[in-house]
Number of protein chains: 2
Amino acid sequence: MNDVAREAGVSLKTVSRAVNGVPTLDPALAERVFAAIRTLGYRRNELAATLRSTASTATIGLIIGDMRNSFYSSVAAGTYEIAREHGTHLITASAEEQVELEQELALALCQRRVDGLLIFPAVGDQSYLQPEMDLGTSVVFLDRPGTGVSADSVRLDNVAAAHTLASMVLEEGHRRVGLLLDTLEVLTIRERLDGVRAAFEEAGMTLDDRLISTTAHDPEAATKATVAMLDLDDPPTAFIGKNNRAIIGIVDALVTRGARARVVGFDDFEMSRFLPRPVTLASFDVVELGRRGATRLFDRIAGSAGEPTTERLPFTIVQRGSYR
Amino acid sequence: MNDVAREAGVSLKTVSRAVNGVPTLDPALAERVFAAIRTLGYRRNELAATLRSTASTATIGLIIGDMRNSFYSSVAAGTYEIAREHGTHLITASAEEQVELEQELALALCQRRVDGLLIFPAVGDQSYLQPEMDLGTSVVFLDRPGTGVSADSVRLDNVAAAHTLASMVLEEGHRRVGLLLDTLEVLTIRERLDGVRAAFEEAGMTLDDRLISTTAHDPEAATKATVAMLDLDDPPTAFIGKNNRAIIGIVDALVTRGARARVVGFDDFEMSRFLPRPVTLASFDVVELGRRGATRLFDRIAGSAGEPTTERLPFTIVQRGSYR
DNA sequence: CTGTTAGCGCTTTCAA
DNA sequence: TTGAAAGCGCTAACAG
């Protein structure tokens, strides 16, 4: 910048003003500065610019579970969209649902002075964020609330979606309903179970514990659990899958066994129309989850005050599968 | 940092040394510094640290086409994996295959002083990168080479994969083969066409222009083009799809028409086993593409010299679909 | 092994 | 409207 000032025959500060587009600068001077910049091939150092400045670093961090999972990459797409509108860079990191790793990554991002953090909190304690938040870093939780700190969150309306799916199945006359879930440590899963349970209670029924699997982490595990339920004396006539991968596992089991059963579940996916059995899915707009989270974060970064809020995204019911 | 020094009763530099883990520091002094850090809640500013230092910013940039596309998000996953091993942050940006946007994003990342850039170059000219590379920013191109600059690239062996698929179909006795491609402006597509053409020539045959579609951008367009070919007097008995989305479109057309045809193509995907027709796919390890690109980039950042290299990832042939 | 001084590239005073 | 000086938070260089 000094070289540019010398070349243009102006002071350092005038170069700074030109580069920052300060309107009170004489256009003739500005043009001389830009000419010098071109001849010298000067590149402004954005990092240095934020050092003295009270302005932000124009960078936010996103901590997700797993980049290969389309759920998370869709959220990242929505987040990026909003970040781009704000001229902000997005640093994405993957914590693999481990809270220690999440903490390490979040603190590293804070050391990098990100303006804000969007986090899918892992099972565990997020109180490590409190000092960072006190120091001015904004935080928004996605999909589930953090533990031990109070911050904004944007979530899915799991209870209502689960209630709707379960009511539908019960109204169709099914009485034996198998649930393919994951560990109940995860709030999202508990919410989905709660919604189903509420629908059962409204119908004057109770859930059979033997028809609740909490091990359907992936398609293969879901298949195994489904097969086990089909082998019961009084097997389910309907199944509810906790997400797209559970649905795949259920359908796989049914096809392999040549069994017929009603299948419903959560999350739509691109290939769902090719499922060889008809399925009904409660679908959430996951890209919108990323957009809303980022929008809330930028509100806070811009200084929006007030108590932490919780936003819940609605769902839609879609019919898929039974391709022949 | 000054406050910490005062609190610990040492000099600024000693705090710096403690924070950086300089081994020649008296452990007793270091402990006093850390105690002061804890009581004051001091957070090191990584951005300021890289200002004076000749060291890197420990950040790399990745410019992809579209975050929602699993092809790109898989590459991002592989890139992140390697970046993490190097203690480096990953800033991801999406240029939507537009070269002007790509240039804007790449230059913005250079202003942020990323150590290196991984780019899926859009159709157009990448010579805008030359000044940045001269200034020391490393660049590696993914999936296709950049135009107008010479840099490392990691690519897929499209020609060989296309040749193998086409030879397979011809050996099975098919003589009318429909190609569902995208615009030939994209090198990857041209390579795939070249591989098919070579296989045809080896078999003493030529491609029928009416059986080459260059409009199969998405599943719907692929379906349309497939239907048009099926309506010809002498319709294809086999189809080659340019990627997973083209395959979906082809299968959709066949199922809707109740038509039988051999289907082969590029790229495996999670749901391919549920396709209602048997398909043979040439599958590339896309996560590995991200890993290799990042590995090459870190080699260059570490100072590895030499002429730009081109690496090509191999493919594997997999059988999918025909689920009942 | 520790401290002092200068300076990274830029912005913020505040005076002219 | 422009410029000089000071300083952001840290590290490099060189003494001691």
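Fair warning: this is a prediction, and the values are worked out from it, not measured in the lab.
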>> Using whole Å, what does the distance between atom P of nucleotide dC10(C) and atom CZ of Arg113(B) come to?
In response: 7 Å
> Do the charged groups of Glu31(A) and Arg38(A) touch, with an N to O distance under 4.0 Å?
Replying inline: yes
>> Distance check needed: dA13(D) P versus Arg52(B) CZ, whole Å only.
In response: 7 Å
>> Test of understanding: with salt bridge (Lys or Arg N to Asp or Glu O under 4.0 Å), list the residues that count as partners of Arg52(B), not counting sequence neighbours.
In response: none
>> What I want to find out is whether Arg291(B) reaches Glu85(B) closely enough, with some N-O distance under 4.0 Å, to be called a salt bridge.
In response: no
> Would a distance-only check, ignoring hydrogens and angles, find a side-chain to backbone donor-acceptor pair under 3.5 Å from Glu97(A) to Ala122(A)?
Replying inline: no
> Just checking Asn2(B): base, sugar-phosphate only, or nothing, at a heavy-atom cut-off of under 4.0 Å?
Replying inline: nothing
> Given atom CG of Asn20(B) and atom P of dC10(D), what is their separation to the nearest angstrom?
Replying inline: 10 Å
Protein-nucleotides 2-5 of chain C N/O pairs closer than 3.5 Å?
from   : atom 1 : to       : atom 2 : distance (Å)
dT2(C) : OP2    : Asp26(B) : N      : 2.7
dG3(C) : OP2    : Ser11(B) : N      : 3.3
dG3(C) : OP2    : Ser11(B) : OG     : 3.2
dG3(C) : OP2    : Thr14(B) : OG1    : 2.4
dG3(C) : N7     : Arg17(B) : NH2    : 2.5

> Rounded to whole angstrom units, what separation is found between the CZ atom of Arg32(B) and the P atom of dC1(C)?
Replying inline: 16 Å
>> Regarding Asp115(B) and Thr57(B), do their side chains bring together a donor and an acceptor under 3.5 Å, going by distance alone?
In response: yes
> In whole angstroms, how far is the P atom of dC10(C) from the CE atom of Met1(A)?
Replying inline: 5 Å
> Expressed in angstrom and rounded to an integer, what is the separation of Leu51(A) atom CG from dG7(D) atom P?
Replying inline: 14 Å
> In whole angstroms, how far is the C1' atom of dG9(C) from the CD atom of Gln111(B)?
Replying inline: 13 Å
> Tell me: CD of Glu46(B) to P of dC10(D), nearest whole Å?
Replying inline: 10 Å
> Between the side chains of Arg113(A) and Thr50(A), does any donor sit under 3.5 Å from an acceptor?
Replying inline: no
